Number of protein chains: 2
Amino acid sequence: MKDVAARAGVGLKTVSRVVNGEPGVTADTAERVQTAITALGFRRNDSARILRKGRTASVGLVLEDIADPFYSALSRAIEEVSRLHGSLLFTGSSDEDPEREEQLALAFCARRVDGLVIVPAAGADHRYLEPEIRAGIATVFIDRPPLGLDADTVLTANASGAREGTAHLIRQGHRRIAFLGDSPDIHTAAERERGYREAMADAGLPVHDSWVAMGPTGPERVGAALDAVLAGPTAATALFCGNNRVTVAAVRQLRALDRQVALVGFDDLEFADLLSPGLTVVAQDPAGIGRTAAQLLFARLDGHTGPGRRIELPAHLVMRGSGEIPPA
Amino acid sequence: MKDVAARAGVGLKTVSRVVNGEPGVTADTAERVQTAITALGFRRNDSARILRKGRTASVGLVLEDIADPFYSALSRAIEEVSRLHGSLLFTGSSDEDPEREEQLALAFCARRVDGLVIVPAAGADHRYLEPEIRAGIATVFIDRPPLGLDADTVLTANASGAREGTAHLIRQGHRRIAFLGDSPDIHTAAERERGYREAMADAGLPVHDSWVAMGPTGPERVGAALDAVLAGPTAATALFCGNNRVTVAAVRQLRALDRQVALVGFDDLEFADLLSPGLTVVAQDPAGIGRTAAQLLFARLDGHTGPGRRIELPAHLVMRGSGEIPPA
DNA sequence: GTGAAAGCGCTAACAC
DNA sequence: GTGTTAGCGCTTTCAC
């Protein structure tokens with residue numbers, strides 16, 4: 001910038017004015033500065049600008065795994081809103097590891113992002129963010145609520161969604177319904193299990209211990225859980241799957257066993273309508289969650305204050321066949 | 001930092017040393033500084049650090065759409081390698097718009113990212129990056145080569161993959177094979193079409209004009225193209241789909257038409273094995289592409305110089321049923 | 001309309 | 001071992 005000023009024969013501040021489109025420069029000088037800029041290939045260094053201005057026009061996003069379609073849809077929505085507000089987006093995957101979540105979030109804070117959007121890792125205690133939030137970093141939690149902190153939060157109505165899905169299976173005549181879920185220390189998993197149990201209770205149905213299998217979403221664990229749930233005298237006649245990965249693993253295992261069992265899954269899947277039968281799901285709105293979260297974030301950055309707001313987005317049942325299979 | 005120094009009764013540089021774990025500080029002073037740091041809730045401002053050090057420990061990634069599973073897998077791999085090198089990742093989606101690609105890339109450059117990974121948007125001319133690259137920003141292109149620039153590039157062997165997939169259909173006895181592709185101004189689309197034509201030529205088969213339909217990957221366009229390709233006296237008996245979105249749209253349309261037609265798709269899909277018949281695909285390795293690209297990038301940052309390297313990763317055929325349907 | 005000086009928070013270079 | 005000084009590239013303030 002100094003070089004540009006020298007070459008254009010103007011002061012530093014004038015170059016700054018031109019570069020930032022500020023008023024108070026004659027068209028003539030502006031043009032001279034422009035010429036110097038192109039001649040020298042000058043590009044403003046935003047790092048320096050940031051240092052001076054305080055705001056970095058960037059947002060940090062910490063999620064479990066950007067390769068998961070649920071999170072990548074979320075991410076895209078946040079990116080869109082950020083772009084409208086002139087912000088760039090840092091992204092990082094925690095792999096459900098609280099330590100990594102913290103490292104990422106604090107690294108973003110050290111870069112002085114204006115805001116943070118976090119999908120809490122299982123069991124993470126978010127008090128580590130207190131000083132950062134006090135220091136002015138707007139923070140929104142999505143998909144799962146924070147632990148030990150009051151902050152804006154955007155969630156899916158997990159319990160009522162799961163209840164709706166389970167009730168649907170009950171309406172089809174099922175009495176022995178299994179729930180295959182993610183690890184119970186994950187908020188969404190626990191909430192969905194709760195919704196499942198509520199639906200069963202609503203219908204006056206017992207829940208046999210062997211019907212509820214919570215744990216990692218790897219195909220081996222889910223496959224084994226499925227085998228167990230479908231065996232013995234109290235074998236379930238229908239399955240409720242707690243998230244997209246469980247559903248995929250379960251469908252695959254049912255295919256391997258060559259069994260047709262009623263199934264409703266939480267989370268929609270791109271190919272859900274192309275399976276035979278089509279997959280009945282309780283669909284979330286990842287883009288809606290992301291958009292809403294980003295809007296809350298920028299509202300804070302635009303000056304909104306007050307206690308954390310908690311927004312729940314509905315999940316809705318999409319019938320495609322697998323959930324409408326009657327009991328054997 | 002000044003405040004910490006004052007409170008600990010030491011010089012600025014000593015605080016800097018402690019914060020960065022540099023040697024030359026007695027355990028005693030270090031502890032005093034630490035105490036002051038926690039008392040004041042001090043966190044190093046990496047923006048300022050960056051301004052001084054020159055390196056920002058960040059990488060910018062520009063791709064078409066982070067919500068697309070192919071790109072999100074890519075993104076995850078790049079993130080992993082970046083993390084190993086202590087770098088954070090900016091991500092931005094261009095939506096196949098060259099102007100947006102340029103805006104994003106230049107915004108990242110203005111933040112002085114150390115490196116740039118770019119999936120070129122269709123038709124983008126990359127000479128806009130010349131000054132940036134000269135200024136030292138390491139740049140790697142993935143999935144598609146740059147235009148008007150020599151730079152590191154990581155591609156899939158698109159033509160040979162498409163040739164292999166088409167040859168597979170020919171081996172099943174098909175003679176009239178259609179190619180449904182993305183817009184021909186997209187490098188991957190053009191290359192895959194080339195591979196398809198080569199395979200047909202290898203087998204001494206003609207390619208009827210009406211069999212090749214290139215264009216947007218929206219379901220309407222693909223559905224209409226499919227209808228056309230399957231109609232009339234020269235109706236194709238098999239389909240080669242040029243990418244994951246085309247494949248999904250085509251499978252959906254075939255389902256709607258209630259027709260079983262042999263189909264091989266470029267790109268693997270999560271549920272490909274669960275369809276009936278299973279989807280035969282020419283699978284790329286998105287994670288491999290991302291990893292390789294990031295490695296090339298950090299090699300440059302670690303001092304590697306020389307002309308742009310071009311790496312092609314193989315695509316391989318995965319047979320699952322849809323590609324093994326014989327002609328009617 | 002324009003520019004000089006100070007300073008954002010840090011680190012490099014060199015003193016002591 | 002520790003501190004001082006200068007300066008990274010920009011914006012802010014205020015004087016002209």
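Note on naming: letters A, B, ... go to the chains in the order of the sequence lines (proteins, then strands), and numbering restarts at 1 for each one. This structure is a prediction, so every number in the text was calculated from the model and none was measured.
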Quiz prompt | Value in whole Å for how far the P atom of dT11(D) lies from CZ of Arg55(A) | solution = 16 Å
Self-check item: Exercise: do Arg49(B) and Asn20(B) side chains pair donor with acceptor under 3.5 Å
Solution: yes
Exercise. Please report the C-alpha distance between Arg83(A) and Glu79(A) in whole Å, then the side-chain angles of each, then the deciding distance to 0.1 Å, and finally whether the salt bridge (charged side-chain N to carboxylate O under 4.0 Å, His left out) criterion is met.
Key: CA-CA 6 Å; Arg83(A) 206 168 53 90; Glu79(A) 185 197 325; 5.4 Å; no
Practice problem: Run through Arg310(A), Gln295(A), Arg300(A) and flag the one making a side chain to side chain donor-acceptor pair (under 3.5 Å) with Asp152(A). | Solution: Arg300(A)
Quiz item: Atom CZ of Arg44(A) and atom C1' of dC8(D): how far apart are they, to the nearest Å?
Solution: 17 Å
Exercise. Figure out the NZ/P separation between Lys13(B) and dG3(D), and round it to whole Å.
Key: 12 Å
Practice problem: Inspect the contact between Arg144(A) and Glu101(A) and indicate whether a charged nitrogen and a carboxylate oxygen are less than 4.0 angstrom apart. | Solution: no
Exercise. Grab the CG-P distance between Asn45(A) and dC8(D) for me, whole Å please.
Key: 12 Å
Quiz item: With no angle test and no hydrogens, is the base of dG7(D) tied to the side chain of Arg52(B) by a donor-acceptor pair under 3.5 Å?
Solution: yes
Exercise. Would you mind checking if Arg127(B) and Glu130(B) are paired as a salt bridge, meaning a charged N to carboxylate O distance below 4.0 Å?
Key: no
Practice problem: Find which nucleotide of DNA chain D each of Val15(B) and Arg112(B) is nearest to by heavy atoms, and output the residue with the more 5' nucleotide. | Solution: Val15(B)
Quiz prompt | Distance, rounded to the nearest Å, where Leu51(B) contributes CG and dA6(D) contributes P | solution = 18 Å
Practice problem: Return the value, rounded to whole Å, for the distance between atom CE of Met1(A) and atom P of dT12(D). | Solution: 11 Å
Practice problem: Classify the ring geometry between Phe90(A) and Phe108(A) as parallel (under 30°), tilted (30 to 60°) or perpendicular (over 60°). | Solution: parallel
Self-check item: For atom CZ of Arg111(B) and atom P of dG9(D), their distance in whole Å
Solution: 17 Å
Quiz item: Ring centres of His126(A) and Phe141(A) under 6.0 Å apart?
Solution: yes
Quiz item: If you look at every strand shown and take non-hydrogen atoms under 4.0 Å, does Arg17(B) touch a base, only sugar-phosphate, or nothing?
Solution: base
Quiz item: Within this structure, what is the CZ-to-C1' distance between Arg49(B) and dG9(D), rounded to whole angstrom?
Solution: 18 Å
Practice problem: Identify, residue by residue, the members of residues 19-33 of chain A with a heavy atom below 4.0 Å from DNA chain C, and return them in order of residue number, or none. | Solution: Gly24(A), Val25(A), Thr26(A), Thr29(A)
Quiz item: Across the strands shown, which category fits Arg43(B) at heavy-atom distances under 4.0 angstrom: base, sugar-phosphate, nothing?
Solution: sugar-phosphate
Quiz item: Reckon Lys53(B) touches a base, only the sugar-phosphate, or nothing at all at heavy-atom distances under 4.0 Å?
Solution: sugar-phosphate
Exercise. Using only side-chain N and O atoms of Ser16(A), determine if any of them is under 4.0 Å from OP1 or OP2 of dT11(D).
Key: yes
Practice problem: May I ask you to decide whether Arg245(A) forms a salt bridge with Asp68(A), counting only side-chain N to carboxylate O separations under 4.0 Å? | Solution: yes
Self-check item: Nucleotide interval of DNA chain C bounded by contacts with chain A (heavy-atom cut-off, under 4.0 Å)
Solution: dG1(C) to dG9(C)
Exercise. Under the salt bridge (charged side-chain N to carboxylate O under 4.0 Å, His left out) rule, what do Asp95(A) and Arg100(A) come out as? Steps first, then yes or no, please.
Key: CA-CA 8 Å; Asp95(A) 259 343; Arg100(A) 209 159 137 182; 3.5 Å; yes
